[in-house]
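Notes to accompany the following structure.
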Amino acid sequence: MIRNTFSILNGIGDKLERKLWGAGILTWDKFIGAPDITFISAHKKTFFDESLSSALNALDHADAAYFARAIKRRDHWRLYDIFKEESACLDIETNGFMPGSGGVVTVIGIYDGFDYKCFIRDENLTAESVMEEISRYKYLITFYGSGFDIPYLLRAIPGLKFDIPHFDVCFGTRRLGFRGGLKRLESELGIARDEIVKDMNGYDAVKLWEHAQRGSSDALKILKLYNKEDTVNLYAIAGIVYQRLRTQTGIEHYL
DNA sequence: ACCTGTAACCTCTCGTTTAG
DNA sequence: CTAAACGAGAGGTTACAGGT
């Protein structure tokens with residue numbers, strides 16, 4: 001999908017992108033190779049050619065950091081198919097407060113499609129351990145992470161940084177017309193959730209952490225299961241949402 | 001070359017939505 | 001409960017293309 005994307009260019013939006021596709025210019029290579037495009041001035045085209053050449057170069061080197069910078073957040077979903085093999089779903093739990101007002105991260109869960117790893121406060125959760133795990137990936141998938149998880153992590157754990165593209169599935173689903181949070185989305189898409197944590201919400205996760213602090217190993221176990229279900233299910237949802245967003249662009253009519 | 005009409009992009013504010 | 005960021009919508013602005 002990213003090779004078909006022209007909205008990364010400054011001055012090209014949805015309309016012009018579709019117009020390019022309609023003119024048979026479906027890929028970056030085609031654009032650079034076209035001698036002239038009637039509705040784009042020669043001066044602009046030279047400029048665009050350069051941008052697309054560096055993007056192609058970055059693509060050859062699978063340079064995730066380049067795309068994290070160069071592509072507007074709303075378009076990061078378009079990188080899904082080229083980075084999905086090296087992607088990770090991330091979800092955090094907290095003690096219910098905001099950083100600076102006593103808020104801390106209690107659990108960080110990361111799922112890459114095969115393995116689930118979790119970092120627990122006071123056990124193995126450090127800036128270094130989390131950073132080391134994050135650095136293994138080139139693509140981040142979250143649900144409302146751009147609004148909550150990532151800013152929270154950055155404030156609560158100094159030293160963390162994220163310079164890879166970030167597919168926030170929440171805004172993808174909104175654009176597709178879905179309402180509601182992750183749990184509702186799961187049921188609408190027919191994705192199952194473990195019975196034990198079926199009716200839990202984020203606030204329950206706060207209470208479970210409090211129980212765990214008072215010595216309940218069961219509470220911690222359930223909290224981890226809850227977090228795991230979130231990341232694993234998100235992984236499945238991301239693929240579906242990507243496919244639907246792709247269809248929504250209309251690209252398939254031109255291929 | 002210049003001017004003008006049109007189309008689409010950008011910026012801004014506001015309200016909605018989600019997270020734990 | 002609270003904070004934050006995106007989307008929607010409106011208005012202003014740029015830039016292209018065609019006519020004179």
Side-chain angles (χ1 to χ4, degrees), chain A residues 6-23 36-48 51 71-77 89-109 118-121 125 140-157 162 166-186 188 197 199-213 219-220 222-231 233-234 237 241 245 248:
Chain A
F6 296 106
S7 60
I8 62 168
L9 298 168
N10 221 324
I12 305 280
D14 293 351
K15 300 275 170 57
L16 278 174
E17 180 176 72
R18 208 177 276 233
K19 199 167 172 182
L20 282 164
W21 292 343
D36 57 290
I37 299 167
T38 56
F39 51 90
I40 289 174
S41 68
H43 179 258
K44 270 251 158 124
K45 183 165 187 307
T46 316
F47 187 73
F48 288 158
S51 299
I71 298 193
K72 297 171 211 118
R73 189 86 70 76
R74 53 180 292 121
D75 286 327
H76 280 205
W77 67 267
C89 286
L90 178 144
D91 184 49
I92 70 169
E93 316 300 332
T94 76
N95 65 346
F97 298 97
M98 292 307 290
S101 316
V104 294
V105 181
T106 58
V107 180
I108 301 176
C118 71
F119 299 87
I120 309 285
R121 181 170 183 80
L125 199 172
L140 190 66
I141 302 170
T142 68
F143 195 84
Y144 202 62
S146 51
F148 183 76
D149 302 65
I150 302 304
Y152 197 107
L153 282 172
L154 292 176
R155 287 181 63 190
I157 308 180
F162 297 88
H166 174 191
F167 177 16
D168 191 331
V169 175
C170 177
F171 294 102
T173 54
R174 264 192 219 171
R175 219 185 306 175
L176 290 171
F178 288 99
R179 293 292 109 138
L182 184 63
K183 319 292 179 284
R184 177 168 163 191
L185 198 62
E186 283 173 9
E188 287 189 30
V197 294
D199 298 315
M200 271 183 65
N201 59 37
Y203 192 58
D204 294 321
V206 173
K207 289 183 284 188
L208 279 172
W209 175 253
E210 286 166 9
H211 283 133
Q213 288 300 89
L220 187 59
I222 295 169
L223 180 59
K224 282 158 84 169
L225 180 62
Y226 171 74
N227 180 262
K228 181 179 179 181
E229 287 289 301
D230 272 1
T231 59
N233 287 350
L234 180 59
I237 290 170
V241 171
L245 284 170
Q248 197 183 54

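Protein chains get the first letters and strands the later ones, always in sequence-line order, with residue 1 at the start of each.
Using a 4.0 Å heavy-atom distance criterion, R155(A) is classed as a sugar-phosphate-only contact. Using a 4.0 Å heavy-atom distance criterion, F39(A) is classed as a sugar-phosphate-only contact. Backbone-only contact: N10(A) has heavy atoms under 4.0 Å from sugar-phosphate atoms and none from a base.
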Query raised in the report: Which is it for H166(A) and T142(A) under the side-chain hydrogen bond (donor to acceptor under 3.5 Å, both in side chains) test, yes or no, and what are the steps along the way?
Result: CA-CA 8 Å; H166(A) 174 191; T142(A) 68; 2.6 Å; yes

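For T94(A), the side-chain hydrogen bond (donor to acceptor under 3.5 Å, both in side chains) criterion is met by no residue, not counting sequence neighbours. Judged as a salt bridge (Lys or Arg N to Asp or Glu O under 4.0 Å), and not counting sequence neighbours, the contacts of K207(A) are D204(A). Annotation: salt bridge (Lys or Arg N to Asp or Glu O under 4.0 Å) contacts of E188(A) (sequence neighbours excluded): R184(A). Checked against side chain to side chain contact (heavy atoms under 4.5 Å, CB included), K19(A) has the following partners two or more places apart in sequence or in another chain: L16(A), F39(A). In terms of the side chain to side chain contact (heavy atoms under 4.5 Å, CB included) criterion, residue partners of A212(A) (sequence neighbours excluded) are, by chain and number, A219(A), L220(A). Under the salt bridge (Lys or Arg N to Asp or Glu O under 4.0 Å) criterion, D91(A) pairs with no residue at all, not counting sequence neighbours. For L154(A), the side chain to side chain contact (heavy atoms under 4.5 Å, CB included) test picks out I150(A), L160(A), F162(A), with sequence neighbours left out. Listed by chain and number, the residues in a salt bridge (Lys or Arg N to Asp or Glu O under 4.0 Å) with R155(A) amount to none (sequence neighbours excluded). The side chain to side chain contact (heavy atoms under 4.5 Å, CB included) test applied to V206(A) returns Y203(A), E210(A), not counting sequence neighbours.
Mapping heavy-atom proximity under 4.0 Å, the span of DNA chain B touched by chain A runs 5' to 3' from dA8(B) to dG20(B).
When each of G13(A) and F97(A) is assigned the nucleotide of DNA chain B with its nearest heavy atom, G13(A) is the one assigned upstream, toward the 5' end.
Of the residues in residues 98-107 of chain A, not one comes within less than 4.0 Å of DNA chain C through any heavy atom.
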What pairs of nitrogen or oxygen atoms, one from the protein and one from nucleotides 5-11 of chain C, lie under 3.5 Å apart?
from, atom 1, to, atom 2, distance (Å)
dC6(C), OP1, R73(A), NH1, 2.9

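Rounded to whole angstrom, the span from the NZ atom of K45(A) across to the P atom of dC16(C) amounts to 14 Å.
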